[in-house]
Structure formats: C-alpha cells, structure tokens
Amino acid sequence: MDIVRTENLTPKQFEEIDVLWNAEYPRQLKGRLALLLENNTKTIHYFGLDESGKIIAWSVLFEKEQELRFSILVSRKHQKQGLGSALLT
C-alpha cells in the first residue's frame, strides 16, 4: 500500500474519503466529514491507496480549539492488515 501525505485534499480525494467515512461510521455520523474538517489549523492528511489508486485508509491530524486531534478510518474490507498502524507511523 502506498501512503500519501498532504495538507490539502483535492475534491476527488475528499469525495473518496467521504464515501469511506459514510460506509464505516454509524448512521449518526454519516455526512459529518466536512464538519470534522471545518475550522481546523495545521491539518495533515495521510491516506493509503490500493493497487488501482483508490483510497482505502485515511487518517488526519489537526489542531482544533487549541487541541491536537486525529481521526482514522480503514475500509472494512481492508481491516486487520496493518493499514491503520501504517498510517500512524
């Protein structure tokens, strides 16, 4: 898996992560990715790509309200393969 680091997401990357977010989080959190990323500073995104270039894992480290926070997602199909750990290192 290739890991990409970026401070800014392209619209396509945001869309792929939003689809992953909505597939993996409970119904109460669906559609809330934009809210998570709103008004953040010092944002760094990491995402893992499969062989076709599709985002299958994502993490974000950001500062919000003067606190350092993070979120991490791994596609259900790709869990238990060390992808989350790879994003954290």
Side-chain angles (χ1 to χ4, degrees):
M1 174 186 72
D2 292 326
I3 296 179
V4 176
R5 178 190 187 276
T6 185
E7 293 182 13
N8 300 297
L9 296 173
T10 66
K12 181 181 183 292
Q13 290 166 337
F14 179 87
E15 183 180 327
E16 284 188 47
I17 294 166
D18 193 46
V19 168
L20 179 61
W21 174 282
N22 289 328
E24 299 305 324
Y25 276 124
R27 188 172 66 205
Q28 302 92 308
L29 295 177
K30 287 188 188 254
R32 307 232 9 207
L33 176 62
L35 184 61
L36 173 76
L37 299 177
E38 188 175 273
N39 299 319
N40 296 340
T41 58
K42 301 178 184 173
T43 304
I44 304 172
H45 301 271
Y46 299 89
F47 48 89
L49 305 173
D50 68 9
E51 309 80 36
S52 69
K54 181 180 176 186
I55 296 174
I56 57 172
W58 166 78
S59 68
V60 62
L61 179 65
F62 59 95
E63 189 174 302
K64 189 171 197 162
E65 299 171 355
Q66 298 180 327
E67 292 181 350
L68 195 57
R69 303 177 185 193
F70 81 97
S71 185
I72 188 167
L73 278 169
V74 177
S75 163
R76 186 166 289 131
K77 180 180 173 185
H78 297 90
Q79 291 178 5
K80 308 251 188 241
Q81 298 176 23
L83 303 180
S85 296
L87 290 174
L88 293 174
T89 56

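Contact between Gly48 and Leu87 at its shortest, heavy atoms only, is N-CD2, 4.1 Å. The heavy-atom pair separating Phe70 from Leu88 by the smallest distance is CE1-CD2, 4.4 Å. In terms of heavy atoms, Val74 sits closest to Leu20 at C-CD1, 4.4 Å.
Annotation: side-chain hydrogen bond (donor to acceptor under 3.5 Å, both in side chains) contacts of Ser75 (sequence neighbours excluded): His78. Partners of Ser85 by side-chain contact (heavy atoms from CB on, under 4.5 Å), not counting sequence neighbours: none found. For the side-chain hydrogen bond (donor to acceptor under 3.5 Å, both in side chains) test, residues two or more places apart in sequence or in another chain that qualify with Glu67 are Arg69. Residues satisfying the side-chain contact (heavy atoms from CB on, under 4.5 Å) test with Leu9, not counting sequence neighbours, are Thr6, Gln13, Phe14, Ile17, Leu37, His45, Phe47. Shown here are the side-chain contact (heavy atoms from CB on, under 4.5 Å) partners of Val19, two or more places apart in sequence or in another chain: there are none.
Separation of atoms CD1 (Ile72) and CG (Leu83) is listed at 9.0 Å; rounding is to 0.5 Å. In this structure, the separation between CZ on Phe62 and OG on Ser71 is 7.0 Å, given to the nearest 0.5 Å. Note that OG1 of Thr43 and CG of Leu61 are 8.5 Å apart. Values are rounded to the nearest 0.5 Å.
Side-chain contact between Ile44 and Val60: absent, with no pair of heavy atoms (C-beta onward) separated by less than 4.5 Å.
Residue pairs satisfying the salt bridge (Lys or Arg N to Asp or Glu O under 4.0 Å) criterion with at least one member in residues 76-89, sequence neighbours excluded, are listed as follows: Glu24-Arg76. Judged as a salt bridge (Lys or Arg N to Asp or Glu O under 4.0 Å), the pairs with a partner in residues 7-16 (not counting sequence neighbours) are, in order, Lys12-Glu16. Among pairs with a residue in residues 46-61, none fulfils salt bridge (Lys or Arg N to Asp or Glu O under 4.0 Å), at least two apart in sequence or across chains.
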For the pair Leu49 and Ile56, evaluate side chain to side chain contact (heavy atoms under 4.5 Å, CB included) and give the outcome as yes or no after the intermediate values. CA-CA 6 Å; Leu49 305 173; Ile56 57 172; over 6 Å; no

